[in-house]
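The structure under discussion appears below in the form of structure tokens.
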Amino acid sequence: MDAREKSAWVKQSVSALKQEIGRAIVGNEAIVEDVLVCLFCGGHALLEGVPGLGKTTLIKCLGQVLDIATSRIQFTPDLMPADIIGTNVLVQEETQAAGAGVDTRRFVRFQKGPVFANVVLADEINRATPKTQSALLEAMQEQTVTVGGTTYTLDSPFIVLATQNPIEMEGTYPLPEAQLDRFFFKIALGYPSAEEISAIIDRTTVGAQRPLKKVMDADAIARIKALVREVPMAAHVKDYAIRLGLATRPGTPTATELVSRYARYGASPRGPQSLVLAARAKALFDGRMNAGFEDVKSVCRQALRHRILLNFEGEAEGITPEQIIDDVRERVPETIEQG
Amino acid sequence: MARVRTLAAHARGDLVARRASEGLFFGLIPGLLAAALAGTVSLPFSAPAIAGYAAAAGVLSGVLTALLRRIDVRRLLIDADRSLGSRELASTAFELVDAPWGETFSEAVIHDAAALMTGSSPRRILGPLRLPFLPFAPALVLLIALALIFPFNLRGLFAARHAGMGELAMIGEDLQSYGQRLQDSARSQNLGRSLALAQDLAKLGKDLAEGSIQKDEALDRMADIERRLVAEYDLRLRAFNSGDPSAGGRAQAGAEDPTGRNGSAASGAGPRGGFDSSSPADDLGSQDLKDMGDALKRLRQGQGSSPPSGAENGEPPSMAQGPQAPPRTPGSGMLPPGSDSSEKGNGSPPQGYGSGAAPDPSPGQPGKRAPSGSPGLMPAPDTKGPPSRIAQGGRGSPLKAEASPGQGDSTRFLVRALPEWSGSRLPEDKVLRHYAQAAESALTREEVPPRLKEYVKSYFTIIGVH
């Protein structure tokens, strides 16, 4: 299979995935594509939206169409870290040898938690305590889990798809910045249109839903992940992504006026990382073999919105990170004259 | 890469064209300036030549800089991607040639980019050639042509305006002063029309000094005063030349004073006598009236709205009339500095019109009356200044005026020229050459536009000085 065939295969595979998910999810094609970008970039996604927009449904559908292990964790305030990553349990084994009595043996065995899966659905992740949320930190970044001095490696692919509700603040624990930064994308879901609501009603209130079929296995996912990282990106495009990330930091020479006034912190190096990798994936999904400026721009909001922290003035004036990102995207030139 | 080289060559061609266009535009600007200044300063070349040289130099420098500039191929391909909408395919491929990113897509990307570049014309890749400033170049050429066809003198414009304003105020002060004196004199003699004339003159002088009136209005008012002044002179002159001082006195008195008080004064004996009352240069003070004429003349000259009155009369312009001339004192006339002393030195009897003009009845003996029948005007008893003019021989018919003998201090005198307000007291044949030499010296010493040089030369040629 040459490069062109590989590119076409990726495009076709992703289209098949989208099509199958689209059987259960009405609209939200861009949201589905963003989730797939996270999947094939090896990143985690935080889906944010008011209740009823299909966040959980989308992630469940993804687990159904992928022939990989999926798990779901419903985050609650009394959820403990061990409930996520697993725990050591005391196990007693009785063996009976020939001509001998029953030999009883006790030992400690690690009982894997739900994090040991390829796709982990962390539903309403902001309802768990910070201690429990932090249990995911190592898994999300290192793809390992350490319990009792023993480190366990998670299977690949590993992706955490978390959801959170932005309006119910009572009894919630906002995610710490360190954990937020570990999410590759923060995907915001909006309300569906009237036509989409009509289609949702038709699909969910008439007859039984046909289960989704699996269209991609772990091996295919791994191959696509590898191909995404092979997509060439010109130096000036990469430079543009870097300058976009730098421009979100207040106090830097390239920071825009909006950033300087309303932002407390800007994007970490993970921001440009996400931009570059996601741009490659977007180009490949589009059947192209190189990433360009438009690919970078198309993932700006998803990759940077959770990495920009507003200061008090910004929050008081109702400034959103999206406004700052749009301003940065508008003001940062694609190329700069050298020399 | 061959395609990239071809593209770079086209890009250099475009760059040359752009820079040449810029050079042409910026080269034409000095040409425009030269054309604008051609009437003001002397230029080493003609304005069209300067425009041509500067434009050629601009084009040449533009071409040279374009040829010497390095073509940034990477940048060129970034722009090519933009114009082709190829989403950075060409620029990415250009980088992959030297530094392959990975084995999977590099070859394919390079191949696709090559196919894209080959299938697109360089003009499409580079975009349409837009030559900066070229549309403005014809406008500049047109402006240069207009500046050459309708030249204007910048220096003359600013200098005349600046000097004119200062001298106008000065003349205005003089006029105001004369007007006040004339008013006093008219009041003392109860001359209503002369009083009105003097009041108008003082008002004009005040307005000029304060700068509260425009040039056109000043000229109109000045013309009106002049007209009235000339009429007044004519009236008195006719009355005086009628040979009947009493009639003249009556005419004057009738004109000015219905009560006939002045008429009786004219016919009666007295220190001023018939001449004093009937002389046109007398009852308002001949020096005042003459100075008023001088001031009005200066006003005309200072405004530059009309040729100098000397030129109108065939006289050379006074060299003391320039902006740098020192303020004149009443009675000094239009003489250049030193003229009075030279005249006094020659001992010739002063000739002129007006009581203040000829105080010397005998050569070199001021203070005595001129003998009867001698050329010139009869001095008035209250002389107020030195002689200010000389009658020009041959101009006008000699007039004979006689006072009635035995009636006061009357004197017979001869008028050899029509009255004029001002002018040189020297014969023009004695001063013209001197003026011409001074003018020639000034022309060679100062930066005078060639057209004005010709104008001055033609002036002296016309009046007969070669």
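Please read all numbers here as calculations on a predicted model, not as lab measurements. Quick note on labels: first sequence line is chain A, next is B, and so on, each numbered from 1.
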Please lay out, stage by stage, how Glu107(B) and Asp2(A) fare under the test side chain to side chain contact (heavy atoms under 4.5 Å, CB included).
-> CA-CA 10 Å; Glu107(B) 284 297 324; Asp2(A) 65 4; over 6 Å; no

Using a cut-off of 6.0 Å, state whether more than 12 heavy atoms not belonging to [X] lie near its atom [atom1].
X	atom1	value
Gln323(A)	CD	yes
Glu257(A)	CD	no
Arg331(A)	CZ	no
Glu322(A)	CD	yes
Arg69(B)	CZ	no

Does a donor on one side chain and an acceptor on the other come within less than 3.5 Å for Thr335(A) and Arg82(B)?
-> yes

Minimum side-chain heavy-atom gap Phe105(B)-Leu284(A) below 4.5 Å =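 The answer is yes; the side chains approach within 4.5 Å.
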
Atom group of Ile78(B) that falls short of 4.5 Å from chain A, counting heavy atoms =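 Just its side chain gets close to chain A.
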
Donor-acceptor contact below 3.5 Å, side chain Asp112(B) vs main chain Met289(A) = no

Spell out, as yes or no, whether a donor-acceptor pair under 3.5 Å connects the side chain of Asn290(A) to the backbone of Glu88(B).
-> yes

At their closest point, which heavy atom of Ala3(A) faces which heavy atom of Thr104(B), and how far apart are they?
->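 So the minimum-distance heavy-atom pair works out to CB-O, 2.9 Å.
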
Looking at His236(A), Arg288(A), Lys6(A), Glu294(A), which makes the most heavy-atom pairs under 4.5 Å with chain B?
-> His236(A)

